[in-house]
Amino acid sequence: MKVLVSGGAGYIGSHTVVRLVEAGHDVVIVDNFSNAVPAVLGRLEALTGTAIPCHAFDLTDHDKTAHLFAAEAFEAVIHFAGYKAVGESVAKPLDYYENNLGSTFSLLRAMQRHDVTKLVFSSSATVYGTDQAGATEDRRTFATNPYGWTKVMQEQIMRDVAVASPEMRFALLRYFNPVGAHPSGTIGEDPSDVPNNLMPYIAQVAVGRREKLQVFGDDYDTPDGTGVRDYIHVADLAAGHVAALEALDRTQDAVNVWNLGSGRGTSVLELLHAFEKAVGRDLPYEIVGRRPGDVASSYADPAKANAELHWRTEKSVEDMCADTWRWQSQNPQGYAG
Ligand code: UD1
């Protein structure tokens, strides 16, 4: 299939591009590089043996998006592009609504005009709000911050479009906590600022860019008191996207929701200790207060994706740590060095 990957230069997008090319698909990237760097494109070419065409513009620009669809005969879109930092979304709600919804409007308009019917959407477990433990896809969706609401709203927009245009096929992929890197160590997560998320923060402590990890709370109702999350290796997540894309050819349902997670929970301290094993030394940390808005436990019920996509996670927490460490130690300053 000829697939447009929005946000294809980003963390999850770039890993999915590799997997798509490996599966024989023809990939075109669109990315405005607001949270990615062009250097990833050379790494992708080295990994895949193919130069991936990349259009550098903002999808909220309807005219540029329309031109791209007029010039290329896409058969499907995988839509990653979007702002994703919870705290920033609270400070800048209009930026989040305008960017995340605007790019989706622009894409859906162009898809309709050019009869592109398949869309795989990068959603999140954040749509389960405060109810993320053992979540099945039929749970009610709501959010606790503007970022989360943009995901809930984009899902709703796609449902409404599917009613009006029943030939459409949507995959709404609700990710749990993506971590890890390509086993080559040449592409990985490269936060442009202080990392908000646990794994990149630990990796930067290990490489000496941050002094110590702050563990946000050890008084949760979990086995060791620290927050429990369902970490998923980005390579497994990428494979889930390719499986979902291919499933859209078989499904009779216009809207398909799939959780992408392992179903297993890992605590903050368990992840830290697994990372210490990968690095071969202890890492400094301190326990501090809870981070506002955090839930105690979040983990998927992945049964629906397992059955319908013939997909399941294969990588362990040890793989996630080893691959993150390979990426971080080979690229201490990320793509910048
Ligand atoms: C966060 C977002 C979620 C979003 C996801 C995208 C919040 C509240 N949630 O998920 O909406 O979809 O990122 O990637 O931001 N932790 C520490 N110290 C740190 C960082 C994290 O102890 O420096 C803990 C957290 O309290 C949590 C766990 O590590 O228990 C995982 O945190 P994080 O990686 O930020 O992911 P989520 O909060 O699950």
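Atoms within each ligand, like the ligands themselves, are counted from 1 in listed order. Positions are given from 1, in the same order as the sequence printed here.
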Could you tell me which atoms of ligand 1, counted from 1 in the order shown, lie closer than 4.0 angstrom to a heavy atom of [X]?
X	result
G227	30 (O)
T126	11 (O)
L213	18 (N), 23 (O)
V215	22 (O)
N196	20 (C), 35 (O)

Could you check whether any heavy atom of [X] sits closer than 4.0 Å to an atom of ligand 1, since that is the contact criterion I want to use?
X	result
S124	yes
Y220	no
Q214	yes

If you apply the rule side-chain contact (heavy atoms from CB on, under 4.5 Å), what do you find for D190 with W327, and how did you get there? CA-CA 10 Å; D190 182 19; W327 153 251; 4.1 Å; yes
Counting non-hydrogen protein atoms only, what is the nearest one to [atom]? Give residue, atom name and distance.
atom	result
atom 10 (O) of ligand 1	N177 ND2, 4.0 Å
atom 28 (C) of ligand 1	Y231 OH, 3.7 Å
atom 20 (C) of ligand 1	F216 CE1, 3.6 Å
atom 24 (C) of ligand 1	V268 CG2, 3.6 Å
atom 39 (O) of ligand 1	R229 NE, 2.5 Å
atom 3 (C) of ligand 1	V86 CG2, 4.0 Å
atom 8 (C) of ligand 1	D294 OD1, 3.1 Å

Drop me the distance from H79's NE2 to M111's CE, to the nearest 0.5 angstrom.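 If we round to the nearest 0.5 Å, H79:NE2 and M111:CE are 10.0 Å apart.
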Nearest 0.5 Å, what's the OH-CD1 distance between Y11 and I187?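 Spacing of OH (Y11) from CD1 (I187) equals 9.5 Å.
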For atom CD of E98, is the number of surrounding heavy atoms from other residues, nucleotides or ligands below 6.0 Å larger than 12?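 Incorrect, the count does not exceed 12.
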Looking at R210, I want to see if its CZ is surrounded by more than 12 non-hydrogen atoms of other residues, nucleotides or ligands under 6.0 Å.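 More than 12 within 6.0 Å, yes.
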Please find out if less than 6.0 Å separates the ring center of F170 from that of F121.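 No, the ring centres sit 6.0 Å or more apart.
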Quick test of your reading of the structure: of D218, N197, T266, whose heavy atom lies closest to atom 6 (C) of ligand 1?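 Ranked by closest heavy atom to atom 6 (C) of ligand 1, first place is N197.
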Decide whether an N or O pair under 3.5 Å exists between [X] and ligand 1.
X	result
V228	no
R291	yes
Y201	no

side-chain hydrogen bond (donor to acceptor under 3.5 Å, both in side chains) evaluation trace for N259 with Y299: CA-CA 10 Å; N259 285 339; Y299 53 90; over 6 Å; no
Below 4.0 angstrom, N of the basic side chain to O of the carboxylate: do K118 and E75 qualify?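 Salt bridge between K118 and E75, a charged N being under 4.0 Å from a carboxylate O: no.
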Using a strict cut-off of less than 4.0 Å between a Lys/Arg side-chain nitrogen and an Asp/Glu carboxylate oxygen, indicate whether R264 and D230 qualify as a salt bridge.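 Salt bridge absent between R264 and D230.
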Under 4.0 Å, heavy-atom basis, I'd like to know which part of Y147 is in contact with ligand 1: side chain, backbone, both or neither.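 Side chain only.
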L198, portion touching ligand 1 at heavy-atom distance under 4.0 Å: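 Under 4.0 Å from ligand 1, L198 contributes backbone and side-chain atoms.
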With a cut-off of 3.5 Å and sequence neighbours excluded, list every side-chain donor-acceptor pair involving residues 159-167.
residue	atom	partner	partner atom	Å
D160	OD1	Q156	NE2	3.1
S165	OG	Q112	NE2	3.1

Is the NZ or CZ atom of R174 positioned over F176's six-membered ring, under 6.0 angstrom from the centre and within 45° of the axis?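 Judged by the rule, R174 and F176 form no cation-pi pair.
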